[in-house]
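All ligand and atom numbering here is 1-based and tracks the order in the structure.
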Amino acid sequence: MNEATQDDPPASMPRIGDAAPPFEAITTQGNISFPADYAGKWVILFSHPADFTPVCTSEFMMFASMQDEFKAYNTELVGLSIDGLYSHIAWLRTIKEKITFRGLSDIEVTFPLIEDITMEIAKKYGMIMPGEDSTKAVRAVFVIDPAGMIRTIIYYPLSLGRNFDELLRVIKALQTADAFSVATPAEWRPGERVIVPTAGSCGTAKDRMDGAEEGVECIDWFFCTKELSADKVEATIRVGPTGQ
Ligand code: BEZ
């Protein structure tokens, strides 16, 4: 771990609710103009510390193996590290030819992996945390919606591989919240009750406590939920074929 010093410039950190900072990049799948090339799609823009490292390798195998499942929710993957294009290509080839992990093998990474040797994009997105490492990106996850707005940000340190069920859960929960104007409680998964927002948008507190809103159950004025079936959620947010 590196020490952050007083000389380090203040980090630029995009926030939830900001427009995704635009950039042009060279990737393993050609040049991209971000987020313009992804208009109308959800994107998981993520960074990893370095090519040819074990935790990153396991993560890329997981991302690649779940790519079709993310696509089924109109979600594209874009990776980034402070490595050059030829390093990326050699690493991804090694993964395909040699590495096995959790029963996965012969894994081909077909989503774009950005080269960012100048750190320009990593700095723009607050992916460099000098207290952790000043020359490697941390494991950042930016979830960007079809309008190019940042909707979720998650950071993990260098030593901790991400949880991919959680990333897919985040995508489903954000899309469900948008489609049904609800919120999703802790640990929510499709099929579980959703939270009906408070503050006047859906009737008064008394209406709610009296059960005036059909299907809404209130445990107290601020805690109202309703059923939302997994079938209804999936029929609304899923755009691709049923996977696993
Ligand atoms: C890894 O991916 O294994 C890793 C990368 C940088 C620092 C520590 C671990």
Side-chain angles (χ1 to χ4, degrees), residues 1-5 7-14 21 23 25-29 32 34 43-70 75-144 152-171:
M1 195 182 285
N2 293 356
E3 287 294 312
T5 71
D7 298 333
D8 289 324
S12 139
M13 307 277 285
F23 61 82
I26 295 167
T27 86
T28 49
Q29 302 293 321
I32 61 169
F34 194 91
V43 187
I44 296 179
L45 172 67
F46 67 96
S47 56
H48 70 277
D51 297 346
F52 291 101
T53 53
V55 178
C56 302
T57 296
S58 67
E59 290 189 319
F60 266 67
M61 294 181 77
M62 289 301 297
F63 269 126
S65 72
M66 289 177 68
Q67 186 180 3
D68 285 348
E69 188 64 1
F70 283 113
T75 301
E76 300 294 327
L77 304 173
V78 180
L80 174 150
S81 77
I82 296 159
D83 291 290
L85 186 62
Y86 296 108
S87 165
H88 285 341
I89 291 168
W91 177 48
L92 299 184
R93 186 181 304 143
T94 305
I95 289 176
K96 178 168 165 49
E97 289 175 357
K98 290 200 183 150
I99 309 294
T100 58
F101 172 70
R102 282 182 150 238
L104 300 171
S105 60
D106 194 25
I107 291 290
E108 183 152 12
V109 174
T110 58
F111 56 82
L113 173 50
I114 294 169
E115 78 156 13
D116 191 26
I117 28 185
T118 62
M119 300 197 209
E120 194 184 325
I121 302 165
K123 284 182 178 164
K124 206 176 232 193
Y125 273 78
M127 293 166 169
I128 308 292
M129 303 207 171
E132 178 76 340
D133 197 303
S134 55
T135 57
K136 291 181 175 66
V138 294
R139 300 180 198 282
V141 178
F142 288 83
V143 179
I144 295 161
T152 297
I153 303 174
I154 311 173
Y155 287 108
Y156 294 74
L158 269 50
S159 63
L160 175 57
R162 284 162 272 219
N163 179 293
F164 290 80
D165 287 340
E166 173 61 2
L167 299 184
L168 190 55
R169 192 188 78 90
V170 166
I171 292 290

Passing candidate, side chain to side chain donor-acceptor pair (under 3.5 Å) with Trp91, options Thr57, Thr53, Asp51:
Thr57
Are the side chains of Met61 and Ile95 in contact, using a 4.5 Å heavy-atom criterion?
yes
I'd like to check which ligand 1 atoms, numbered from 1 as shown, lie under 4.0 Å from a non-hydrogen atom of [X].
X	value
Cys56	1 (C), 2 (O)
Thr53	1 (C), 2 (O), 3 (O), 4 (C), 5 (C)
Leu158	7 (C), 9 (C)

Heavy-atom contacts under 4.0 Å between Pro54 and ligand 1: side chain, backbone, both, or neither?
both
Hey, is Glu59 touching ligand 1 through its side chain, its backbone, both or neither, going by heavy atoms under 4.0 Å?
neither
Mind checking whether Phe60 and Phe46 have ring centres under 6.0 Å apart?
yes
Answer yes or no: is there a donor N or O on one side and an acceptor on the other, between the side chain of Ser47 and the main chain of Ala140, under 3.5 Å?
yes
Under 3.5 Å: donor-acceptor pair, side chain of Glu132, backbone of Leu158:
yes
For [atom], what is the nearest protein heavy atom, given as residue, atom name and distance?
atom	answer
atom 6 (C) of ligand 1	Pro49 CB, 3.7 Å
atom 4 (C) of ligand 1	Arg139 NH2, 3.6 Å
atom 3 (O) of ligand 1	Val55 N, 2.7 Å

4.0 Å heavy-atom contact, Glu132 with ligand 1:
no
Distance (rounded to the nearest 0.5 Å) between His48 NE2 and Phe63 CZ:
10.5 Å
For Glu120, look at atom CD and say whether over 12 heavy atoms of other residues, nucleotides or ligands are found less than 6.0 Å away.
no
